[in-house]
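So the structure is just underneath, and the comments pick up after that.
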Amino acid sequence: MSLLAQVVEERRGDVVVARVSGEIDASNAPWLDERLRSAISNEADGLLVDLTMTTYLDSAAIALLFGLATALRQHQQQLSLVVAEGSPIARMVQLTALAETVPTHPTLEAALAES
Amino acid sequence: MRQVLEALQRITDAALAFLPEEQLLQTLLQRVLEILQVDTVAILLLEGEALHARAAIGIEEEVEQGVRIPLGGGFAGRIAAERHPITILDVDHADILNPILREKGIKSLLGVPLIVQGRVIGVLHVGSLTPRVFSEQETDLLQLAGDRAAGAIEETRALHRERVAREAAEAATRRLEALQRVTDVALTYLPEEELLQELLQRVADTLDVDTVAILLLEGDAVHARAAKGIEEEVEQGVRVPLGRGFAGRIAAERRAIAITDIDNADIYNPILRDKGIKSLFGVPLVAEDEVIGVLHVGSLTPRTFDDDERSLLQLAGERAARAIERARLYEQRHVAEVLQRRLLPGVPGEALGLETSARYLPAAGGSLGGDWYDIFLLAGGRVGIVVGDVVGRGVEAAAVMAQLRTAVRAYAADGHPPDAVVDRVNNLMLSLGPLAMTTLVFLVIDPGGETIEMVSAGHPPPVMIDPDGTASIMWAPGGVPLGATTASIYAAHTFPFPTGSMVLAYTDGLIERRGQSLDVGLERLRGLADGAGDADALCAAIVAKLVPEAPGDDVAFLAARVPPLADHLSTRWQATPESLAPIRYLLRRWLLNRGASEDEAFDITVASQEACANAIEHAYGPGLADFTVAANYDDGRVAIAVTDHGRWRAPRGDNRGRGLSLMRELMDDVEITQRADGTVVTLVRTLGSAAA
């Protein structure tokens, strides 16, 4: 359990959706990493991490998303993100060039339509 | 004359004194018989108001038939009453009570009183089967023999009395020792289990019984808690309903019960019969006028417990009850104390971004209650505060408190709003079964948003102190106490809580006074809080002025204040990732107070966190390492300095390099200064202008 963030997982068609709410920093990034890695099964095509309800991300969180994307790619699976436009999270994703490596969508619906 | 002296010598032989009374009397009679050459001789001793034939030769029937002659009656009775010798020449025509004398054919009699220190103790008499006139010399001789006999009798009696007294004293000492063994004060300091075992052993040794058992009252039955000789009772968890069987009746009727023949008795527990117990004796264990259990002993052979043994077990029971009660209180108090200590947080004010102070004061007499407070950080820098009161005392109340405390924290951490948290705690409590009734108030302070939310479950209203010092009661419609009903609806009420405000939450012990309405107590508390500007000073004032010397109830209270943040801020943190969240909450509030926009606050916070993450990573080894974060605002220019005691390490791999580039992108200027004692990262950005 983390006091800062919560995750709710859900299977939507061929992808697993993980909604992350709260704050992710170095104190709970390892917990989130483990949680997301165990959320995805072999049958799923990909993992969609919804950061709409996320209020804070630091570089440790960015690092875990980069690492997760690499790990999934090795299993022919894809990581994609939902990041609300104009949010502080969007700024982080853009500043760290995460969006260049990981497909990013403004809404969950848009992301599901793409996948 | 020589004969007389020899005869005297034989009668007064000192060695006689050491014979037991029966033998002494027999020997004396034999010698008198020989010296006076008579046919019969008898000694009667005074017991109460009558003479009892105790030894006789020639008229042994006197003793065999247990002849008793009243004082003053007949031959012997008159001698004793008149205290002088009497001679009867012709028995057939004299006043004789005892028919045996005539039947044996005695014709003449001579008798003398036995006198010791002026007290008549009996009569010695001799008889002749032929008419005989006893001479004066013979009378004197018999009187001398009588005197010596009386002296000897008295001596053996004194010896006997002494022996009896000594034996009685020894028995009393043994009883005292036995009692001492079961009531040894040292036993008090044993934990309950060990105490019971030790008591059983000592009772078994002292009363020499085959079984001993202690059953303690729990609810409406006595439960076997310790046993010796009938260990199965405990192993099988025997419980005897109050009023039933042997132990159940002892507890219900609160009296000792003896069973001499178990086969014809009302016995509830078959183990007693199965073990072959024949006789039982049990006493109630009573502590502070309450029956707390039963102590019983058993014998495998039929046995009647005598008065001594009964009173010994009674005493053992009394002392055992007291010892058990004391051990229980001690144990309860110890457990409750540990629980309380573990559950009350040492409030880390700085880590919460608040000034906080709290007190827990147990009731006089030591028994701890179920009052508690808790304070914890929530996402976004909000701070949760709980003050609660579980009705009841001791371990049970502390255990309920522990469950509730954890439940509130868990539901709050899950991100539920405050009213939903209390609602869930209530449902949880109802699902756990009948727990003690509990009141609590749950407050959530949002220092950034300058609000406070309150949910009350039957709890006295907190006091709020404005930044200008005005104290007011936080009146709002509240829900019923927890655990009462699922139908209860808990509502959250939001109050403005501008920077500089303080809140005080407490348990009812602080405002309750016998014979006074709660409003009086509330107003007294509000008055005391009025003008308070410091959490610690307020708590100290409450202890000094509102908490009685010996409080009848335990009291818990907590004050929390959102301190204003000056242009210059200097803080010290433990070098652990857990420090990151409170640092960013504090910086964010400080930045917003300085007029930073949301985006600016976010950028500067993120950059500062990257510097902090570096400092935490550089901290050598786990433990006490710390680092400082200073913030300075000067005419629109914000400077954040993060100083650690480690050596700056060149970023390794993509990820940490990302941290450094993030700092550079988010701030106008980033400076890393390597010093002998550590590294300083200085981040500068001017508000109102886009980052570099």
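Every chain is numbered from 1 and lettered A, B, ... according to where its sequence line falls, protein lines coming before strand lines.
Taking a 6.0 Å sphere around NE2 of B:H416, one finds it holds more than 12 heavy atoms contributed by other residues, nucleotides or ligands. Heavy-atom neighbours of A:E9 CD from other residues, nucleotides or ligands within 6.0 Å: above the threshold of 12.
Between B:Y585 and A:E23, the closest side-chain pair of non-hydrogen atoms falls below 4.5 Å. A:T96 places none of its side-chain heavy atoms less than 4.5 Å from the side chain of B:E665. No side-chain heavy atom of A:R91 sits under 4.5 Å from any side-chain heavy atom of B:D599.
Remark: the backbone N or O of A:D58 is not paired with any side-chain donor or acceptor of B:E610 at under 3.5 angstrom.
The distance from atom CZ of B:F602 to atom CD1 of A:I89, rounded to the nearest 0.5 Å, is 5.0 Å. Going from atom CG of A:L95 over to atom CZ of B:R664 covers 14.5 Å, rounded to the nearest 0.5 Å.
A salt bridge links B:R584 to A:D25: one of the charged nitrogens lies within less than 4.0 Å of a carboxylate oxygen.
Only the backbone of A:T55 comes within contact range of chain B, with at least one heavy atom under 4.5 Å from a heavy atom of that chain.
Ranking A:S27, A:A97, A:S21 against chain B, the residue ahead of the rest is A:S27, based on heavy-atom pairs under 4.5 Å.
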